[in-house]
Amino acid sequence: MNEATIATPITPKQHTELVDEKLVRLYFITALIFLATSMLAGLLMAMQLIRHNPLRGIEFFSPGRWRMLHTNAVAYGFLANGFLGALHWAIPRLTLQPVLDKRLSWLIYAAWQGVVGATAVGLLLGEAQALEWGETPVWIDPVAQLGLLLVAINFMTPIARMKGPMYVTLWYFLAAFVWTFLTYAMGNFIPEYVVGGTAAGAVGGLFIHDLVGLFVTPLGWGLMYYFVPILLKKPIWSHGLSLVGFWGLAFFYPLQGIHHFLYTPIPMFLQYGAVVSTIAVELVVTTVVINFFGTLWGNAGVVKTNMPIRWFYTGMIYYFLTCLQCSFQVTLTFQKIIHFSDWVVGHAHMVMFGVFSMWIMGIMLYLYPRMLNRPWASPKLLEWHYWLSTLGVGFMAADLILLGVFQGWSWAALEPWDASTDFSYPFWVLRVFAGLAMFGGLLAFLQNIWLTTRAAAADRLAQKS
Amino acid sequence: MSSTMNSRIASSVHAGQFTEPMAVEITTAESGTGESDASGQKSGRSMAWTITIVFAVLILIPSMLGFVMKFGELMALTDDGADGGFAITPVVNYLLASAGFFFMLLWAAANGMFRDLEQPKHLMLQNERELDRNV
Amino acid sequence: MFESKSGILYVAGLGFFALAFVSNALVPALMYRNIPEKTVAELVTPNLRYQFEDLARRFPESFKAVWGEAPEAEAENQKWWDEKCAEALEYGHKVYVAEGCWHCHSQFVRPVANEEERFGPVSRSWEYQNRLQRPVLFGTRRVGPDLSREGGRRSNDWHAVHFFRPLDLSAASPMPEYPWFFEGSPDKPNKRGLAMMTYVQWLGSWLESYPYYEAYSPSALKKPETENTDASDSQDNAADASADQEPQ
């Protein structure tokens with residue numbers, strides 16, 4: 001791009017030449033469309049469980065296939081698009097360098113939507129790959145891999161070009177681009193083409209785990225370290241402590257893959273190692289959470305008025321809860337009972353919706369009106385969005401975690417299998433309502449976006465005339 | 001509700017017609033924190049101490065208890081005849097590995113890697129302010 | 001080193017990832033490298049052949065429409081059945097994966113929580129060293145029971161009706177219906193239906209305890225007397241074949 005802009009950070013930079021706001025907005029809208037799709041897919045599966053599937057017996061609405069769509073649309077459609085949008089804002093502003101090439105950014109956008117769309121179609125046509133969270137049909141994998149490479153090149157260039165000491169956000173981002181690329185390659189190709197059987201299970205466990213730990217988590221925390229100080233108008237409590245968090249995550253997080261398959265034929269000493277490093281990472285998590293609450297200390301009142309901050313910190317509370325839960329869940333004692341039960345499903349929803357989706361929502365909430373140059377049309381809808389989402393996911397997680405314990409005990413007590421589906425029924429019904437609340441929250445948000453965008457368009461029209 | 005929301009948005013929207021309210025917001029925010037520091041510092045600090053102590057007790061007591069128990073078990077194991085020494089082998093391994101990390105830490109500190117650790121967080125906010133001013 | 005960009009890139013980005021990959025993925029891969037991976041054709045046991053031939057007897061028209069007819073000559077006949085059985089097994093695996101069955105049914109029996117009582121022998125590594133466990137189908141959730149010892153437990157008729165409409169056989173089953181495995185009714189399975197039944201009957205067919213019932217006792221299992229001779233042959237062969245398996 002323009003080499004002239006590469007200079008010391010003191011040179012005044014124009015926001016407009018750094019950030020492509022149109023692209024950021026487009027990423028956000030696309031992400032929300034995928035989130036809506038994913039939620040509908042989840043709803044379909046939930047309705048199937050309570051035997052009220054309105055679309056039963058239709059091949060293209062098979063709940064098994066939409067269940068895969070549900071998880072994949074969240075990971076690659078919502079989280080990835082939401083993160084990419086936020087990165088297009090954060091990285092150029094942090095480095096004071098534009099991305100490698102803005103046309104490349106648009107190409108990546110288009111290619112990535114192609115990948116996600118093709119995944120959805122492939123899954124619905126019955127082309128899945130037997131790898132959890134990597135069900136993407138095998139013929140799409142290389143394209144997605146190439147896309148991730150381009151993303152890494154596009155974003156790592158400004159980081160490489162910047163001068164001076166790096167802020168912790170960029171530490172996370174720099175590592176995350178490498179990790180995401182490697183994780184995707186490892187998970188999608190090795191168990192399919194290189195090793196089979198039990199060893200492939202170990203790789204698969206590492207893949208699902210790293211997808212959360214080395215793609216979603218570092219990008220999520222990196223963005224939090226960036227947006228929270230800006231919104232609170234004060235620096236993070238301790239930059240040194242944030243680096244402890246970074247190195248702790250980098251070292252301990254990748255070592256835990258096997259904890260997804262405890263008591264499998266994978267060698268026991270490897271299972272022990274995974275358990276120990278999981279508990280170690282909970283300590284690291286605690287330092288990160290302490291750092292953020294140390295930053296908030298003295299300004300806690302802003303969570304009432306500042307919506308993005310409220311979303312961010314709600315997400316952090318859920319993060320702490322989910323990590324605390326994990327450090328119990330991962331022990332062999334708990335695994336005996338709760339493995340294979342709805343406990344795990346509750347845990348997954350608390351992480352993916354309660355934490356990372358909340359952070360992305362908060363970022364959208366902050367950036368979207370800023371880009372439109374206009375406040376949110378309806379503060380009331382903002383409140384509805386927040387409360388429906390927060391209470392919905394909290395309720396769903398509590399419901400499923402409790403149910404998981406009951407299921408585990410019932411199985412271990414050798415009750416007939418049907419008993420476990422019978423007493424799950426009321427819990428599953430409650431789960432549908434919790435899911436509907438979360439979906440309602442999203443609808444409130446979409447309505448608000450629509451109203452705000454329309455009002456902004458009217459503003460522009462008025463200015464012209 | 002809506003008025004607080006609007007002022008919040010106004011403070012976060014740094015562009016176009018919102019430039020002015022933002023500037024006002026920043027100055028009031030800064031003077032505001034100054035005042036609250038004077039009055040609320042003492043109670044805030046004692047509160048912080050209370051929370052710290054409560055957490056310390058909650059965490060330390062069970063973990064110390066667990067550690068002492070496990071340590072006792074290990075001691076009992078090592079006393080157990082000629083093979084007892086093998087119980088210490090993994091512990092020694094962990095200690096050696098931890099010592100390696102500890103020396104790496106000292107080495108990093110000696111090489112100045114912990115100098116100006118907090119500088120980037122201030123630079124980042126400064127850059128943001130610059131960028132918003134330049135719009 | 002640790003605070004520079006290249007330090008982050010090499011130490012955290014590549015180094016730690018590689019460390020985890022070596023310890024968590026490469027170590028098990030090396031440990032199991034001596035257990036050969038079976039091809040689909042090698043997975044066709046007499047147990048499975050029995051079930052596959054049973055499909056031909058129960059659904060003769062559907063079977064003929066999908067797999068054709070067996071040649072008369074004895075040598076060719078055996079080869080034909082083995083080939084078609086392997087083909088059905090592989091296709092069944094594809095359908096099993098495509099329908100996401102593995103998200104509600106696990107395929108491994110743990111040594112805890114009384115699972116040995118309920119499902120059968122605890123899973124061993126060598127059971128997973130085959131093409132149909134690539135990627136491995138350990139599973140993630142048990143809405144329905146574990147299936148790794150499901151083969152032979154229920155008849156093909158039962159499976160046909162159950163796939164068509166689970167609620168007809170299991171009063172409160174949350175399992176979806178799969179009418180697209182059939183041409184309109186449970187007695188007319190199409191290729192996917194036949195293949196799925198083959199696949200499900202294969203699960204656990206490599207074990208000595210096949211078919212494994214809950215609270216299994218050997219005396220309860222009698223050799224089918226009314227069936228023709230090759231059925232009882234396959235029962236005998238089953239015992240022989242499972243004795244051949246090298247125990248882990």
Side-chain angles (χ1 to χ4, degrees), chain A residues 48-49 51 53 56-57 59 62-65 67-68 126-128 130-132 159-160 166 171 174-175 178-179 182 186 191-192 195-204 206 247 250-251 254-255 257-258 261 263-267 270 273-274 336-337 340 344-345 411-412 414 417-418 421-422, chain C residues 3 5 8-9 12-14 16-17 19-21 23-25 27-29 31-32 35 37 95 97-104 106 108 110-114 117-118 123-125 128-131 133-145 167 170-174 176-177 179-180:
Chain A
Q48 173 63 43
L49 285 177
R51 304 196 295 276
N53 180 1
R56 65 178 209 274
E59 186 177 349
S62 171
R65 298 182 191 182
R67 188 251 185 233
M68 296 190 263
E127 290 286 326
L131 178 78
E132 191 174 18
I159 300 180
M166 285 208 303
W171 292 52
L174 193 56
V178 182
W179 285 333
L182 291 176
M186 172 186 74
E192 187 73 38
V195 295
T198 307
V203 179
L206 204 55
W247 286 107
F251 183 75
L255 290 172
I258 289 173
F261 293 122
Y263 291 120
T264 45
I266 296 171
L270 290 175
K336 280 180 198 166
I337 299 301
F340 288 131
V344 184
V345 183
W411 296 335
L414 291 177
W417 193 269
D418 295 352
T421 46
D422 281 346
Chain C
E3 80 287 14
K5 287 170 202 162
I8 296 169
L9 201 67
L14 295 174
F16 288 172
F17 188 91
L19 176 72
F21 181 74
S23 64
N24 276 15
V27 169
M31 287 178 71
Y32 298 125
I35 312 177
E37 187 184 57
V95 178
V97 169
E99 298 295 350
C101 306
W102 50 294
H103 283 303
C104 289
S106 61
F108 83 93
R110 305 183 302 158
V112 290
N114 289 326
E117 294 288 314
R118 188 192 287 280
S123 303
R124 305 298 201 101
S125 290
Y128 297 93
Q129 294 299 115
N130 63 62
R131 281 306 299 187
Q133 293 290 349
R134 186 176 266 242
V136 72
L137 290 170
F138 281 153
T140 176
R141 172 81 177 83
R142 278 181 191 152
V143 178
L167 283 174
S170 160
S173 171
E177 300 165 10
W180 54 93

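No hydrogens, no waters, no symmetry mates; every other heavy atom, side chains included, goes into these values. In the text below, chain A, chain B and the rest are named by the order of the sequence lines, each starting its count at 1.
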Heavy-atom pairs under 4.5 Å with chain C, option from Ala160(A), Gly196(A), Gly201(A) with the top count: Gly196(A)
Side chain, backbone, both or neither of Cys101(C) within contact of chain A (heavy atoms, under 4.5 Å): neither
Do the side chain of Gln48(A) and the main chain of Pro174(C) share a donor and acceptor less than 3.5 angstrom apart? yes
Shortest non-hydrogen contact from Phe340(A) to Arg110(C)? CE1-CD, 4.1 Å
What part of Ala274(A) is in contact with chain C, defined as an atom under 4.5 angstrom from a non-hydrogen atom: side chain, backbone, both or neither? neither
Taking side chain as everything from C-beta outward and backbone as N, CA, C, O, which of these in Phe261(A) sits under 4.5 Å from a heavy atom of chain C? Side chain, backbone, both or neither. side chain
Is the side chain of Arg56(A) donor-acceptor paired with the backbone N or O of Pro176(C) at a distance under 3.5 Å, no angle test? no
Using heavy-atom distances under 4.5 Å, tell me whether Thr264(A) contacts chain C through its side chain, its backbone, both, or neither. both
Taking the side chain as every heavy atom from C-beta outward, state whether Val203(A) and Val136(C) have any pair of such atoms under 4.5 Å apart. no
Do you know the tightest heavy-atom contact between Gly57(A) and Trp180(C)? C-CZ3, 3.8 Å
Contacting moiety of Leu206(A), where chain C heavy atoms sit under 4.5 Å: side chain
Leading residue by heavy atom contact count with chain C [cutoff under 4.5 Å; candidates Gly204(A), Ala199(A), Ala175(A)]: Ala199(A)
Are the side chains of Tyr32(C) and Pro267(A) in contact, using a 4.5 Å heavy-atom criterion? yes
Is Val143(C) close to chain A through its backbone or its side chain, or both, or neither, when contacts mean heavy atoms under 4.5 Å? both
What residue in Gly273(A), Ser62(A), Ala130(A) has the most heavy-atom pairs under 4.5 Å with chain C? Ala130(A)
Heavy-atom proximity to chain C below 4.5 Å, by part of Leu270(A): side chain
In terms of heavy-atom pairs under 4.5 Å with chain C, which of Ile159(A), Leu49(A), Leu182(A) leads? Leu182(A)
Using heavy-atom distances under 4.5 Å, tell me whether Asp422(A) contacts chain C through its side chain, its backbone, both, or neither. side chain
Could you state the interatomic distance from CH2 (Trp247(A)) to CZ (Phe16(C)), rounded to the nearest 0.5 Å? 5.5 Å
Counting heavy-atom pairs closer than 4.5 Å to chain A, which one of Ala12(C), Gly100(C), Ala25(C) comes out on top? Ala12(C)
Does any part of the side chain of Trp417(A), heavy atoms only, come nearer than 4.5 Å to the side chain of Ser170(C), both counted from C-beta? no
What heavy-atom pair brings Tyr128(C) and Pro265(A) nearest, and what distance separates the two atoms? CE1-CG, 3.9 Å
Nearest heavy-atom contact between Met68(A) and Val97(C) is CE-O, 3.8 Å
Can you tell which part of Pro179(C) gets under 4.5 Å to a heavy atom of chain A, answering side chain, backbone, both or neither? side chain
Based on non-hydrogen pairs under 4.5 Å, which of Thr140(C), Leu9(C), Leu167(C) is most in contact with chain A? Thr140(C)
Okay, Val112(C) and chain A: the region with an atom under 4.5 Å from a heavy atom over there is side chain
Hey, could you give me the CG/CG distance between Leu414(A) and Asn114(C), rounded to the nearest 0.5 Å? 4.5 Å
Taking C-beta and beyond as the side chain, do Arg141(C) and Val344(A) meet within less than 4.5 Å on heavy atoms? no
Find the one option among Gly139(C), Ser123(C), Pro135(C) whose heavy-atom pairs under 4.5 Å with chain A are most numerous. Pro135(C)
Closest approach of Ile258(A) to Asn24(C) (non-hydrogen atoms, all atoms of both residues): CD1-O, 3.5 Å
Test your reading of the model: is there a side-chain donor-acceptor pair from Arg118(C) to the backbone of Trp411(A), 3.5 Å cut-off? yes
With the side chain counted from C-beta on, respond yes when Thr198(A) and Pro28(C) share a heavy-atom pair under 4.5 Å apart, and no when they do not. no
Can you say whether Glu99(C) sits under 4.5 Å from chain A via the side chain, the backbone, both, or neither, judging by heavy atoms? both
Please state whether the side chain, the backbone, both or neither of Arg51(A) comes within less than 4.5 Å of a heavy atom of chain C. side chain
